[in-house]
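All remarks here apply to the structure that follows.
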There are 2 protein chains.
Amino acid sequence: MKQITKYVIKNSLKRIFLYRACLARLKMMGVEKVFSYTLANDTGVTPDQVRKDFSEFGIRGNKRGGYEISDLLEKMENIFHRNKDHNIVLIGMGNLGLALSKYSKFVQRNMNIVATFDIDPFKQKIRSDIPVYSMSRLKEIIDRFRIKVAILAVPEISAQQVSDELVRAGIKGIVNFAPVLLKVPPEVVINNVNLCDELESVIYYVHKLMQDEGLKNLEILYKDMKY
Amino acid sequence: MKQITKYVIKNSLKRIFLYRACLARLKMMGVEKVFSYTLANDTGVTPDQVRKDFSEFGIRGNKRGGYEISDLLEKMENIFHRNKDHNIVLIGMGNLGLALSKYSKFVQRNMNIVATFDIDPFKQKIRSDIPVYSMSRLKEIIDRFRIKVAILAVPEISAQQVSDELVRAGIKGIVNFAPVLLKVPPEVVINNVNLCDELESVIYYVHKLMQDEGLKNLEILYKDMKY
DNA sequence: TATTTGATGTGAAACAAATCACAAAATATG
DNA sequence: CATATTTTGTGATTTGTTTCACATCAAATA
């Protein structure tokens, strides 16, 4: 019944995030229009890629006229369902969980952590701005707020068990910070964020870079980021 | 002089991390040997992929006999330079920085945050187990410990400026948590971790999944994680 | 209004990654 | 000791992604 299902965030989607961040900044600076090569320059991709990506997501500009930034941003908001608010739960109020619960960028992007959970809810209650519930109330709260997405920041050892509970409670997507490969039914989306791996990758590449200094053989060691 | 340089962690490298985590667990359980299909099963990839990846990293097993787990892990430790300790600095002791400074998994993998920095070092000093220095001492400490890798957890607004300081101080790799595209010389490796994007991606896919429920057209919406 | 110019949008081509298929090798078996 | 079996390792094939090249369109210009 349970199986490992894994999805990768497509590179084109990551690039769209990149474009959006860039566009938001440009808009703040008062810029109104961009061309594919403007965006490309700012984000380190090629103009072709920008246009292909837009094409994939059904975004169209005006021939010769480039793209209207507000229009572009609006289209992206629709793609990402940013018109509506998204309610999230966070499980595990350790150091990382606490930091994530206070991460203001989520709110800025309409993603609200409406409840957090911990086996010891009293421990962190005092430091948290968001209600901390005991695990026994998981399903109740998830049902009440019709939550579909959870952030999992519990210790490795209990990650699978909590994940099972989340799935039973109707969660359809999990951002998993525990370094475990969760087993979930295929209709549940998992996005693993492994902080150790992120750091270790950099160490690995830095070592390589210093070994074969002079940038020779670079193309074997690195893949230029196409996202 | 400054330019956007971006690297992606290659999928094959990510998979190697995955294999390693799995192998470590198996070893703890007392298992001594694996076959490509064992590992494949546990990690959700194909046996061919496992062997191709091993081949890429120069790891060889015994025909028919599979792979010796200890041997495999040792080879991987060499690949990732895990025999030696890695000293890291962390810049920005806000909520996230503080949580990262206390993240015990780094230490378990021989990655030690030896110093942290903040514009207001006194604010967090009391809550931190690791020394918190003022930004003015950045180069001094980095030089003294011969640090090559930094974790950047400062606010968006100051990320580029701090990144410049890091590069001037001799840092060669940065794990960047600020949602900014850092401009660094090409010999510096950047790994961006954007928490909002990670969460938003999941929301995006969950929406898609619920829209076209029944898993039809799944192959367009998702790419099975090949990592 | 006709012509030139400049940027988009997208098939085609080139490149990269994953899967397949099978030879090679090591072990087990009769 | 020869044969069968099982698993690795890797070219060949397929699949997916990026880059190229150019037709298409909109605006500017004469």
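Chain letters run A, B, ... following the sequence lines, proteins first and then strands; every chain starts at 1.
In this structure, the CD atom of B:Gln49 is 16 Å from the P atom of C:dA21, given to the nearest Å. Rounded to whole Å, atom C1' of C:dA18 lies 13 Å from atom NZ of B:Lys10. Rounded to whole Å, atom C1' of D:dT19 lies 15 Å from atom CG of A:Asn11.
Closest non-hydrogen pair, A:Gly173 versus A:Val188, comes out as N-CG1, 4.3 Å. The two residues B:Ala159 and B:Leu152 come nearest to each other via the heavy atoms O-CD2, 3.9 Å.
Residues A:Arg20 and A:Leu73 form a side-chain contact, since some pair of their non-hydrogen atoms from C-beta on lies under 4.5 Å apart.
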What does the list of N/O pairs under 3.5 Å between the protein and nucleotides 6-10 of chain D look like, with a distance for each?
residue: D:dT7; atom: OP1; partner: B:Tyr37; partner atom: OH; Å: 3.1
residue: D:dT8; atom: OP1; partner: B:Ser36; partner atom: N; Å: 2.8
residue: D:dT8; atom: OP2; partner: B:Ser36; partner atom: OG; Å: 2.6
residue: D:dG9; atom: OP1; partner: B:Gly61; partner atom: N; Å: 2.7
residue: D:dG9; atom: OP1; partner: B:Gly61; partner atom: O; Å: 3.2
residue: D:dG9; atom: OP2; partner: B:Tyr67; partner atom: OH; Å: 2.8
residue: D:dG9; atom: N7; partner: B:Arg51; partner atom: NE; Å: 2.5
residue: D:dG9; atom: O6; partner: B:Arg51; partner atom: NH2; Å: 2.7
residue: D:dT10; atom: OP1; partner: B:Arg60; partner atom: NH1; Å: 3.3
residue: D:dT10; atom: OP2; partner: B:Ser55; partner atom: OG; Å: 3.2

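When each of A:Phe35, A:Phe54, A:Tyr37 is paired with A:Tyr67, the ring pair (Phe, Tyr, Trp, His ring centres under 6.0 Å) condition holds for A:Phe54 and for no other.
In this structure a side-chain-to-backbone donor-acceptor pair under 3.5 Å is missing from B:Glu156 to B:Val180.
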